[in-house]
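Below is one structure, written out as structure tokens; the observations come after it.
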There are 2 protein chains.
Amino acid sequence: MQIGRMVYDQIDIVNKLIESINISGNSVTNSRRRIIAEIVRKEGLFTSEELAKSLPNIGRATVYRTLRLLYEQGSVCRINIVDDHSYYTLSSSDHHHHTVCKKCNKIDEINLIGLEKSIKQFEKNINSEILSHNLEIYIICSDCA
Amino acid sequence: MQIGRMVYDQIDIVNKLIESINISGNSVTNSRRRIIAEIVRKEGLFTSEELAKSLPNIGRATVYRTLRLLYEQGSVCRINIVDDHSYYTLSSSDHHHHTVCKKCNKIDEINLIGLEKSIKQFEKNINSEILSHNLEIYIICSDCA
DNA sequence: TTGGGTGCAAACAGTTTGCATTTTC
DNA sequence: GAAAATGCAAACTGTTTGCACCCAA
């Protein structure tokens, strides 16, 4: 069931993000609404550039500023993959890790349950609070092998 | 026991890296020798910029080109940390993971033994060869807490 | 109505490229 | 002597900033 190109639960996410901007004391502007809608529509990893390109009527600076705002609020998270781009995803989506094919650069999302346990264990051993973590596994994918 | 500021086993590493340039069919030049010596002297993570700065008489381009050569040869590896810089280390140094303090950006090397096991297990489950992996844990370090 | 947000253009940082000169093999 | 590497400067890419105008609260 869709409204335009957006399904109901996507609209919920959009509303939640807009609400969080409001709560944090920032203005809910038209540009921000549109940027958020676009992020939700993407449904996965995206780069700042891709986002900016799919919103040609919004200034690049505004896209970058909004992305930073969402990042600082924790609405969006950054993933670092060794190919000179920062990727973003919605924080609301489940936490997961990534495989990156060194040949074709295809990125897949995976879930290493064992890791979460190791990290919890590690947190007990050090005297610092863990905020988040980031794991990429570099592979040659089955298509490229 | 040191020669200049360099100990014997560092000299071995330098020679090994120079040799690998030779073997791969590239020329062993003076600039490359000096860049390699500097990398070995650094003994840990460094950025391209730091490296270039500590070798002011060598052109930036040469530093970047040599770093890329070493990376492509596998002599050096890139570590991605979400702070807008690419970090490098010698591949010969033990594999380890990193904690990054979100406040002061201090980076520490750690070793999550459990993770290595999870990754090995994961490799069995997927149909792809794992080349390497990258883990950063974001924390608030004890100094900043 | 006023302070934050926008959009443009200019600035910036890190990196790469073109090219004449130098070095290695 | 030919091919590869260097160093400079210019180009390029992704991102940020300054500033006049605009709009949400």
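A rotation axis mapping the C1' atoms of four pairs onto the next four is fitted at both ends of the helix from C:dT1-D:dA25 to C:dC25-D:dG1 over five pairs, and the angle between these axes is 30° to 10 degrees.
The phosphate of C:dG7 (OP1 or OP2) has a side-chain N or O of A:Thr62 nearer than 4.0 angstrom. Within the structure, every side-chain polar atom (N or O) of B:Asn26 is placed at least 4.0 Å from both OP1 and OP2 of D:dA4. A close approach under 4.0 Å does occur between a side-chain nitrogen or oxygen of B:Ser31 and OP1 or OP2 of D:dG7.
The side-chain contact (heavy atoms from CB on, under 4.5 Å) search around B:Thr62 returns B:Ser31, B:Ile35, B:Ile58, B:Arg65, B:Thr66, not counting sequence neighbours. Considering only residues two or more places apart in sequence or on other chains, B:Lys106 meets the side-chain contact (heavy atoms from CB on, under 4.5 Å) condition with B:Cys104, B:Asp108, B:Cys141, B:Asp143.
In this entry the distance linking CG of B:Leu67 with P of D:dA5 reads 16 Å, nearest Å. One interatomic measurement links the two molecules: CZ of B:Arg32 to P of D:dG7, which rounds to 11 Å at whole-angstrom precision. Residue B:Tyr71 contributes atom OH, which lies 15 Å from atom C1' of C:dT15 at whole-angstrom precision. A straight line from CD1 of A:Ile18 to P of D:dA25 spans 11 Å, rounded to a whole angstrom. The CG atom of A:Leu55 sits 17 Å away from the C1' atom of C:dC8 (whole-angstrom rounding). Whole-Å rounding puts the B:Ile58 CD1 to D:dT6 C1' distance at 10 Å. Residue A:Tyr87 contributes atom OH, which lies 11 Å from atom P of D:dG14 at whole-angstrom precision. D:dT15 atom C1' lies 11 Å from atom CZ of A:Arg78, rounded to whole Å.
No side-chain heavy atom of A:Val14 sits under 4.5 Å from any side-chain heavy atom of A:Arg41. Taking 4.5 Å as the limit, some side-chain heavy atom of B:Phe46 sits within range of a side-chain heavy atom of B:Leu67. Contact check for A:Thr89 versus A:Ile79: side-chain heavy atoms found under the 4.5 Å cut-off.
Among the candidates A:Leu70, A:Ile39, A:Ile36, the single residue satisfying the side-chain contact (heavy atoms from CB on, under 4.5 Å) test with A:Leu90 is A:Ile39.
Of the possible donor and acceptor atoms, one in the side chain of B:Arg32 sits under 3.5 Å from a partner among the backbone N and O of B:Ser27.
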Identify the pairs formed between an N or O of the protein and an N or O of nucleotides 17-24 of chain D at a distance under 3.5 Å, and give each distance.
unit_1 : atom_1 : unit_2  : atom_2 : d
D:dA24 : O3'    : A:Val28 : O      : 3.4

Quick one: which protein N/O atoms are closer than 3.5 Å to N/O atoms of nucleotides 11-14 of chain C? Pair and distance per line, please.
unit_1 : atom_1 : unit_2  : atom_2 : d
C:dG14 : OP1    : B:Glu49 : OE1    : 2.6
C:dG14 : OP2    : B:Glu49 : OE1    : 3.4
C:dG14 : OP2    : B:Glu49 : OE2    : 2.7

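Contacts of A:Asn22 with the nucleic acid, taken as non-hydrogen atoms under 4.0 Å apart, are absent.
Minimum heavy-atom separation, B:Thr47 to B:His85: CG2-CB, 4.1 Å.
B:Leu112 and A:Ile137 fall within a single hydrophobic cluster, where Ile, Leu, Val, Met, Phe, Trp and Tyr side chains are chained together by heavy-atom contacts under 4.5 Å.
Defined by atom type and a distance below 3.5 Å, a donor-acceptor pair is present between the side-chain atoms of B:His96 and B:Glu109.
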Side chains of residues 114-127 of chain A: which donor-acceptor partners sit under 3.5 Å, not counting sequence neighbours?
unit_1   : atom_1 : unit_2   : atom_2 : d
A:Glu116 : OE2    : A:His97  : NE2    : 3.1
A:Ser118 : OG     : A:Gly114 : O      : 3.3
A:Glu123 : OE2    : A:Ile130 : N      : 2.9

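Ring geometry for A:Tyr88 against A:Tyr71 counts as perpendicular: the plane angle is over 60°, on a 0 to 90° scale with 30° as the lower cut.
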